[in-house]
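Comments concern the structure below.
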Amino acid sequence: MYDWLVVGAGFAGSVMAERLARVRGDRVLVIDRRPHVAGNAFDTPDAAGILIHQYGPHIFHTNSEMIFDYLSEFTAWRPYEHRVLAMVDGQLLPIPINRTTINKLYGLSLSTEEEVEAFLQARAEPVEEIRTSADVVLARVGRDLYEKFFRGYTRKQWGVDPSELDKSVTARVPTRANEDDRYFADTFQAMPRDGFTAMFQRMLDHPNIEIRLGVDFREVRDTIDFRRLVFTGPVDEYFDFRYGKLPYRSLQFEHVTRDEEWHQPVAVVNYPQTEAYTRVTEYKHLTGQTHPKTSLTYEFPSDTGDPYYPVPRPENAALYKRYEALADAEENVWFVGRLATYRYYNMDQVVGQALATFRRIDEAIPRPVRTAAE
Ligand code: FAD
Ligand code: UDP
């Protein structure tokens with residue numbers, strides 16, 4: 001008999017398992033239908049021996065010292081600040097849009113933040129109520145920059161126009177009047193020194209944690225003896241799609257190794273105007289690995305395939321609310337993570353959500369008292 005069955009060995013499931021086992025001494029079985037731990041953050045050496053991320057580039061960033069300290073128990077870090085260029089009108093330009101982007105694109109030499117703000121304000125479109133992912137960009141940078149950097153990329157990535165997505169999606173990417181060309185502005189930005197998978201292995205390495213991979217919850221839910229459940233898969237799937245499918249956006253990844261040392265100047269190049277793929281990642285920039293060849297991933301968004309992104313728009317939020325009511329009513333089951341709570345969360349937010357869930361559980365459920373013989 002396990003105290004807990006944890007479905008999913010990604011950030012949500014692994015943090016829950018680690019806390020339950022280590023802090024409470026609970027006995028935990030973790031299952032995942034994939035053949036590996038780490039969920040979407042899984043990284044592994046490819047055939048050439050280059051460390052790649054099987055499900056696209058993952059860069060750790062957070063403003064929470066608590067979350068950074070927690071993960072630091074399981075990994076050392078490689079300092080890394082992420083930089084992204086976008087291929088626009090035949091040039092590689094910084095995204096988030098900053099002073100350099102504007103100067104290069106329009107052949108200008110704006111030299112102060114005030115000049116850049118004035119440039120943007122002269123182009124920004126008045127929007128009465130900022131509601132959608134189109135509004136938020138148009139109101140800040142105007143139509144030309146919106147169309148060049150955001151409209152095409154968003155249509156590719158999400159399969160809908162930015163005007164049909166919540167503002168929260170494109171609001172993830174700021175616009176800057178200075179020359180800061182980092183993708184994230186968070187206090188802590190780093191890559192796990194030995195990779196994400198190694199960090200997960202250390203997290204899950206505990207005598208009270210058993211892991212079974214390649215196992216789907218639907219096939220074993222009636223055969224495993226457990227008291228309580230942590231579910232981190234898609235919430236609509238848990239309830240057999242009772243109210244219909246919650247839309248999740250998927251991606252197809254094309255991984256290639258090239259016989260050249262470097263392919264592009266930064267880890268990620270975005271393609272908002274051309275190509276069927278959204279972006280190209282070159283991993284050695286992220287990992288610092290030295291190798292005479294280089295490995296890249298091309299991302300092709302798609303409606304079908306593994307669920308990767310909840311799609312933030314009002315009708316989906318309404319459908320999720322109905323599933324959330326079912327989830328709240330479920331006895332002895334906790335729903336955690338990006339798929340189970342239908343939230344477009346970064347890794348650190350999932351860790352924070354799992355730690356908070358653990359604290360609630362630990363307050364509500366007395367810790368087990370075991371005899372030495374057990
Ligand atoms: P997941 O990692 O999806 O884990 C859920 C696990 O549950 C999966 O392994 C799945 O196989 C398993 N599972 C589901 N259903 C079942 C079942 N029925 N039975 C058994 N197992 C099941 N975040 C960042 O902070 N920085 C980034 O740079 C970043 N880049 C990203 C790039 C891409 C392409 C994507 C898709 C996401 C990115 N993220 C990034 C987000 C990050 O991947 C997530 O926040 C995080 O991985 C979510 O963890 P999770 O445990 O909730 O879900
Ligand atoms: N986006 C865009 N052009 C870009 C980068 C981002 O239009 O060059 C939009 C797009 O809709 C994307 C969203 O901004 O889905 C959020 O980007 P982010 O990089 O945060 O997405 P992630 O890959 O982390 O999910």
Side-chain angles (χ1 to χ4, degrees), residues 1-44 60 66-76 192-233 238 327 330-341 347-374:
M1 167 73 95
Y2 298 97
D3 295 312
W4 295 89
L5 173 62
V6 174
V7 178
F11 270 99
S14 299
V15 171
M16 291 303 295
E18 187 276 337
R19 289 287 85 184
L20 292 167
R22 200 142 77 106
V23 179
R24 290 175 55 89
D26 288 350
R27 292 194 181 124
V28 185
L29 172 64
V30 180
I31 63 169
D32 202 300
R33 59 187 168 202
R34 288 169 166 167
H36 56 73
V37 298
N40 286 338
F42 176 66
D43 53 15
T44 186
F60 186 78
M66 185 270 288
I67 290 168
F68 188 72
D69 285 349
Y70 169 72
L71 291 177
S72 302
E73 292 183 41
F74 314 103
T75 188
R193 194 194 56 199
D194 309 319
F196 284 101
T197 305
M199 180 178 81
F200 277 83
Q201 282 161 348
R202 283 185 215 114
M203 204 183 270
L204 293 167
D205 180 16
H206 189 280
N208 280 14
I209 300 179
E210 188 185 324
I211 304 168
R212 290 192 214 157
L213 299 173
V215 173
D216 195 309
F217 175 61
R218 289 170 297 190
E219 284 153 27
V220 300
R221 66 191 302 173
D222 299 324
T223 60
I224 296 173
D225 231 2
F226 57 93
R227 288 198 177 87
R228 301 185 180 90
L229 179 69
V230 170
F231 187 80
T232 76
Y238 179 89
E330 200 74 349
E331 295 267 327
N332 291 323
V333 185
W334 280 261
F335 292 81
V336 192
R338 178 150 143 146
L339 304 171
T341 62
M347 296 183 279
D348 65 317
Q349 295 170 298
V350 172
V351 173
Q353 187 191 39
L355 292 173
T357 307
F358 169 75
R359 280 193 293 273
R360 282 200 303 278
I361 288 173
D362 197 36
E363 278 164 23
I365 303 171
R367 293 184 184 179
V369 183
R370 297 206 197 281
T371 59
E374 279 188 277

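Listed by chain and number, the residues in a ring pair (Phe, Tyr, Trp, His ring centres under 6.0 Å) with F226 amount to none (sequence neighbours excluded). Under the side chain to side chain contact (heavy atoms under 4.5 Å, CB included) criterion, D32 pairs with A9, R34, L213, sequence neighbours left out.
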Original post:
Are R212 and V220 close enough, and set up right, to give a side-chain contact (heavy atoms from CB on, under 4.5 Å), and what steps lead you there?
Top reply: CA-CA 11 Å; R212 290 192 214 157; V220 300; over 6 Å; no

**OP:** Before giving the answer on side-chain contact (heavy atoms from CB on, under 4.5 Å), spell out for I361 and M16 the whole-Å C-alpha distance, their side-chain angles and the decisive distance to 0.1 Å.
**Re:** CA-CA 10 Å; I361 288 173; M16 291 303 295; 3.6 Å; yes

Original post:
Which is it for V28 and H206 under the side-chain contact (heavy atoms from CB on, under 4.5 Å) test, yes or no, and what are the steps along the way?
Top reply: CA-CA 10 Å; V28 185; H206 189 280; over 6 Å; no

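Across N332 and R227, no two heavy atoms sit closer than the pair CB-O, 4.0 Å. Taking both residues in full, the closest heavy atoms of L204 and A17 are given as CD2-CB, 4.0 Å, listed atom of the first, atom of the second, then distance. The two residues G337 and V350 come nearest to each other via the heavy atoms CA-CG1, 4.2 Å. Nearest heavy-atom pair across A41 and M347 is CB-SD, 4.3 Å. Nearest heavy atom pair, residue R193 against residue T75, reads N-OG1, 3.6 Å. Closest of all the heavy-atom pairs between T232 and L339 is O-CB, 3.9 Å.
The shortest distance between side-chain heavy atoms of V333 and Y238 falls below 4.5 Å. Taking the side chain as every heavy atom from C-beta outward, I67 and F60 approach each other to under 4.5 Å. Residues R33 and R218 form a side-chain contact, since some pair of their non-hydrogen atoms from C-beta on lies under 4.5 Å apart. Residues M66 and L355 meet the side-chain proximity criterion, which asks for heavy atoms closer than 4.5 Å.
Using a 4.0 Å cut-off between charged side-chain N and carboxylate O, R228 and D26 make no salt bridge. The pair D3-R27 does not count as a salt bridge, with every side-chain nitrogen at least 4.0 angstrom from each carboxylate oxygen. A salt bridge between R367 and D362 is present, with a side-chain N of the basic residue lying under 4.0 Å from a carboxylate O of the acidic one.
A donor-acceptor contact shorter than 3.5 Å is absent between the side chain of T341 and the backbone of V336.
Distance check: E210 CD to Y2 OH gives 3.0 Å after rounding to the nearest 0.5 Å. The CD atom of E18 sits 11.5 Å away from the CG atom of N208 when rounded to the nearest 0.5 Å. Atom CZ of F217 is separated from atom CD1 of I224 by 8.5 Å, given to the nearest 0.5 angstrom. Considering CG of L229 and CD of E331, their distance stands at 13.0 Å, rounded to 0.5 Å. Here the CZ atom belonging to R22 is positioned 10.5 Å from the CG atom belonging to D205, to the nearest 0.5 angstrom. Of the inter-residue distances, the one linking S14 atom OG with I209 atom CD1 reads 8.0 Å to the nearest 0.5 angstrom.
Taking the six-membered ring where the residue is Trp, F42 and H36 present parallel rings, their angle staying beneath 30° rather than reaching 60°.
Centroid-to-centroid, the aromatic rings of F11 and F200 come within less than 6.0 Å.
Among W334, F231, F358, the single residue meeting the ring pair (Phe, Tyr, Trp, His ring centres under 6.0 Å) criterion with W4 is W334.
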